[in-house]
Amino acid sequence: MSAESTTGPQSAWATTTGRRTLGTFGAALLTLASVALAVWPLTSVISAGRWSNQATTVALLIAATGLLVRRLAAGRRGRILLPLLAQIVMLVGSLTLLNFRDDAWLGVLPSPAVVSRALGVLTAAGLEVRNGAAPLESTPALAFSLALAVGILLIALDLLIIVARVPLLAGLCVAVVGALPSIIVPGDVNLFWFVLLSILILTLLRLRIDERLAAGTAPAVSDAPAPRPRARVTAMVGAATIVGTLLVAPALPVSATGLSFGGTMSLNPSLRLGEDLRRPAPAPALTLVTDATRAPYLRVATLSSFDGEVWHPDQTDSVALRTGFGAPQWSEEVATTTQRSSVRVTGISSTWLPVPYPATDIRGLDGVWRIMPSNRTVMTHGADAAGQTYTVDALDVSPTLEQVRAANAALPAPTTPEQEAANALLHALPEDLPPIVAQLAAEVTGNADNDYDRLAALQTWFRAGFRYSLETPVEEDFDGTGVEAVARFLEERSGYCIHFAGAFALMARALDMPTRIVVGYLPGRESEEKQDGKPIYVVSSDQLHSWPEVYFDGIGWVPFEPTATLGVPTRFSPAATSGNTVSPDTPTATTAPSAAPGADSDVDRRDADAAGGAAAPLRTLNPLPVLLTVLGVLIAGVVPGLVRLVRRRMRIARAHRGDPEAAWAEVHDTLVDLGLPASAADTPRARGAALRAARAVDAASIDELVRAVERTRFARHGYPPHEGPDLARALHTVRHDLLRSVSGRDRMLAMVAPRSLLGRRATAPALA
């Protein structure tokens with residue numbers, strides 16, 4: 001099919017110089033397909049619904065607007081700027097209509113109130129992403145934010161594909177956007193998506209965009225014959241890309257909070273600790289100095305809401321740090337002791353701050369931080385825990401055994417509808433809760449006559465009859481936080497802290513007790529270094545931990561440690577032991593129990609080592625994921641140069657057989673790679689003369705190539721094509737002279753980042 005056979009203004013496709021040329025309508029469809037492929041992985045981390053519907057609507061409206069304006073403006077001034085402005089106007093108008101029409105002028109024009117609301121919605125969406133756990137619900141804030149992002153992405157790809165005509169960069173954008181969800185929330189590698197991505201990139205590289213097809217004019221036809229198709233090169237590159245992806249992607253060292261290369265860890269306070277605990281190499285997360293007799297647990301967030309699959313972090317009202325931590329939840333009869341701890345965060349990036357519980361004062365923070373009084377956690381919207389050094393005053397709340405047995409596991413009566421809703425979350429159980437949870441809770445606690453003894457019986461049952469293991473949940477396929485995983489854990493009686501804490505919390509709720517889960521860090525191991533005579537504790541990344549808490553009236557939140565071989569089980573001393581003091585041999589229920597195994601624990605030393613406790617040795621680094629990651633990066637860096645090398649070798653082989661078009665195409669691409677002038681309007685003779693004059697190219701060699709090309713292109717119809725001698729020698733000489741005429745930097749760039757692969761405009765057929 002030749003360029004003359006184009007069917008008219010409605011044609012989206014044509015061929016120019018033997019290569020597929022795409023009209024504006026086809027380019028718009030290709031842009032929509034690219035956006036769809038980039039956004040598709042988001043459905044694994046955000047449930048489809050309002051956001052996907054809104055994003056689809058906005059994308060279609062913007063694509064249609066760009067297509068319409070581009071056709072109307074074809075051949076006129078402003079044909080590039082007008083479609084862009086129209087698409088931006090459509091993006092703003094459609095988002096305003098879909099989300100803020102009540103505050104907008106005429107329902108679509110954004111007013112100052114719309115701008116203010118939009119900024120607030122974007123902030124809320126950011127908090128939902130930071131504080132939530134996948135899959136997130138499709139809330140109005142996320143719907144607006146994602147539709148805005150999709151609209152911006154479509155406009156950007158529209159510019160790259162249709163206007164700038166750099167398809168390789170467009171494919172890279174699709175790859176980066178599509179890969180982000182799998183990096184942030186790891187799971188099985190979506191090989192089908194990678195295959196579709198490879199096909200899209202190959203399609204982009206094989207196409208040219210010609211706006212004149214949309215305006216009803218066919219491209220001018222050159223006398224030059226069509227170059228031979230490059231299907232073999234494209235197929236080789238595509239195969240290499242797919243094979244490299246399948247080999248390298250599954251081996252990337254990914255944790256539950258993102259890619260990890262042994263540096264700062266991005267902390268998301270959701271119950272996805274299993275993959276974090278299996279990180280390839282523990283790294284220091286923070287250091288701690290305290291005047292307490294032992295290092296405290298450090299909490300990051302509390303999780304009260306359970307939807308049957310995921311425990312979600314609390315998002316209650318927060319107050320400024322200077323306002324304080326709120327009123328105490330324990331009565332004056334309960335003994336308390338103030339403990340001071342200094343914390344330095346070295347390896348955590350988070351908007352949540354690790355603090356002991358219950359904190360009463362905090363000093364030394366940089367940035368704006370806020371407190372959630374309901375759980376005494378500290379968080380921020382614009383700062384970062386990384387690099388912070390701060391001092392925290394916290395209380396050691398030590399009720400007697402008599403006090404805790406006399407107290408009921410019950411919340412104070414709510415005084416507001418908001419408080420009533422919050423209290424309901426702490427008792428809520430999913431409708432599909434397996435019967436085994438309530439049955440075992442009743443069986444284990446049947447002989448106890450008060451709430452504390454019931455919980456102590458549960459704690460002892462878990463610690464004595466279960467085994468800590470990082471591998472069993474994976475091997476038995478219940479590595480998660482949902483109700484089915486809890487049921488399997490209760491059957492297998494082996495798992496890690498997620499399963500212990502989740503099962504304990506659900507069983508306590510089945511007994512009608514208010515319960516929540518805490519995510520934080522175990523006490524670190526004592527190092528040999530000291531500060532002001534006090535030991536420095538080092539907390540490593542694999543000491544990320546979770547434990548349950550139950551609220552007791554007049555005492556507050558009491559932590560329990562059901563995880564076998566970790567921490568000390570919660571117990572209280574009778575008042576007769578020594579007033580309100582605690583026996584050295586009897587651990588107390590505080591927010592800072594030791595990480596050493598309790599004396600009554602059935603300790604499996606192998607499990608204790610794997611648990612990441614205070615005395616556990618650091619696991620050795622498995623170098624394979626790191627090496628494969630480095631290899632993948634290196635492969636990605638050299639692929640353009642390898643593609644260019646394969647293309648050059650193929651052309652040289654054809655030039656060796658006397659093909660002048662292949663030799664001349666290689667001369668043209670060499671000029672492009674080196675950043676030298678290579679106008680498509682030059683005739684072979686004019687270009688040859690320019691190269692002799694400006695680049696001192698060997699005259700005999702360039703003349704030999706020019707004569708061969710002219711004979712092939714301009715011979716009478718039916719005249720035998722050039723059948724002269726081997727042209728490879730002349731091509732080598734010309735390339736050598738061109739490379740010698742530029743700087744070493746230009747030669748290096750041409751080798752590693754060849755510009756000839758970035759695509760060329762099709763507005764004029766290339767004579768080269």
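We're numbering straight along the sequence, starting at 1.
- Between the side chains of Glu561 and His545, at least one donor-acceptor pair of N or O atoms lies under 3.5 Å.
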* Asked: Stepwise, does the side-chain contact (heavy atoms from CB on, under 4.5 Å) test hold for Leu506 with Phe306?
  -> CA-CA 9 Å; Leu506 292 177; Phe306 181 58; 3.8 Å; yes

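- Side chain of Glu420 to main chain of Thr416: no donor-acceptor pair is present (N/O by atom type, distance under 3.5 Å, no hydrogens or angles).
- Within the model, atoms OG of Ser342 and CG of Leu288 stand 8.0 Å from one another, a figure rounded to the nearest 0.5 Å.
- Between Val538 and Gln543 the shortest heavy-atom distance is O-OE1, 3.8 Å.
- Residues forming a salt bridge (charged side-chain N to carboxylate O under 4.0 Å, His left out) with Asp366 (at least two apart in sequence, or on another chain): none.
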* To do: With side-chain contact (heavy atoms from CB on, under 4.5 Å) as the test, would you mind laying out the steps for Val343 and Thr389 before giving the verdict?
  => CA-CA 6 Å; Val343 182; Thr389 300; over 6 Å; no

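- Atom OG of Ser374 and atom CH2 of Trp557 lie 9.5 Å apart (nearest 0.5 Å).
- Thr570 contributes a side-chain N or O that, together with a main-chain N or O of Pro559, makes up a donor-acceptor pair within less than 3.5 Å.
- No side-chain donor-acceptor contact under 3.5 Å links Arg525 to the backbone of Val539.
- When every heavy atom of Ala295 is checked against every heavy atom of Thr290, the shortest pair comes out as CA-CG2, 4.1 Å.
- Phe552 is linked by a ring-ring contact (aromatic ring centres under 6.0 Å, His included) to nothing, counting only residues two or more places apart in sequence or in another chain.
- No donor-acceptor pair closer than 3.5 Å links the side chain of Thr563 to the backbone N or O of Leu566.
- Taking each heavy atom of Thr336 and Trp330 in turn, the nearest pair found is CG2-NE1, 3.8 Å.
- Inter-residue side-chain proximity for Arg370 and Thr380 is flagged as unmet; no heavy-atom pair is nearer than 4.5 Å.
- For the residue pair Arg516 / Ser304, no side-chain donor-acceptor distance below 3.5 Å is found, with atom types taken as modelled.
- Using a distance-only test at 3.5 Å, with no hydrogens or angles considered, a donor-acceptor pair links the side chain of Thr445 to the main chain of Ala441.
- Residues forming a salt bridge (charged side-chain N to carboxylate O under 4.0 Å, His left out) with Arg405 (at least two apart in sequence, or on another chain): Asp453.
- Annotation: salt bridge (charged side-chain N to carboxylate O under 4.0 Å, His left out) contacts of Arg340 (sequence neighbours excluded): Asp393.
- Annotation for Pro412 and Asn423: closest pair O-ND2, 3.5 Å, computed over non-hydrogen atoms.
- Using cut-offs of 30° and 60° on the angle between ring planes, the pair Phe489 and Phe466 is tilted.
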* Passes side-chain contact (heavy atoms from CB on, under 4.5 Å), Val355 versus Arg376? Steps please. -> CA-CA 9 Å; Val355 293; Arg376 293 179 180 254; over 6 Å; no

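- Taking OH from Tyr468 and OG1 from Thr565, the interatomic distance works out to 7.0 Å, rounded to the nearest 0.5 Å.
- Contact of the Val519 side chain with the Arg299 side chain is not registered, since no non-hydrogen atoms from C-beta on lie closer than 4.5 Å.
- The closest side-chain donor-acceptor pair between Ser331 and Glu333 falls under 3.5 angstrom.
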* Asked: After noting the C-alpha distance and the side-chain angles of Val397 and Val334, does the key distance pass the side-chain contact (heavy atoms from CB on, under 4.5 Å) rule?
  -> CA-CA 7 Å; Val397 181; Val334 177; 3.5 Å; yes

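- You'll find the ring centres of Phe504 and Trp547 outside the 6.0 Å limit.
- Taking every heavy atom of both residues into account, Asp449 and Arg454 meet most closely at C-NH2, 4.0 Å.
- Separating the CD1 atom in Ile536 from the NZ atom in Lys534 is a distance of 11.0 Å, to the nearest 0.5 Å.
- Under the 4.5 Å side-chain criterion, counting only non-hydrogen atoms from C-beta, Ile517 is not in contact with Thr302.
- No side-chain donor-acceptor contact under 3.5 Å links Gln388 to the backbone of Ala385.
- A donor-acceptor distance shorter than 3.5 angstrom exists from the side chain of Thr323 to the backbone of Ala320, with no hydrogens or angles considered.
- Nearest approach of Ser573 to Glu402, heavy atoms of both residues: O-OE1, 4.4 Å.
- Between the side chain of Thr346 and the main chain of Ala285, a donor-acceptor pair closer than 3.5 Å is present.
- Donor-acceptor pairing under 3.5 Å is lacking for the side chains of Asp396 and Thr337.
- Between atom CZ of residue Phe560 and atom CD of residue Gln459 there is a gap of 6.5 Å, rounded to the nearest 0.5 Å.
- Taking the side chain as every heavy atom from C-beta outward, Leu458 and Pro562 never approach each other to under 4.5 Å.
- Note that the CG atom of Asn408 and the CG atom of Asp451 stand 5.5 Å from one another [nearest 0.5 Å].
- Residue pairs meeting the ring pair (Phe, Tyr, Trp, His ring centres under 6.0 Å) criterion with at least one member in residues 407-457, sequence neighbours excluded: Tyr452-Phe572.
- Here the side chains of Phe325 and Ile362 are in contact, with some heavy-atom distance below 4.5 Å.
- Side-chain contact check for Met372 versus Asp317: every heavy-atom pair is 4.5 Å or farther apart.
- With sequence neighbours excluded, the residues that form a salt bridge (charged side-chain N to carboxylate O under 4.0 Å, His left out) with Arg117 are Asp103.
- Within the 4.5 Å cutoff, no side-chain heavy atoms of Thr515 are placed close to those of Leu426.
- Looking only at side-chain heavy atoms (C-beta outward), Ser341 and Pro296 come within less than 4.5 Å of each other.
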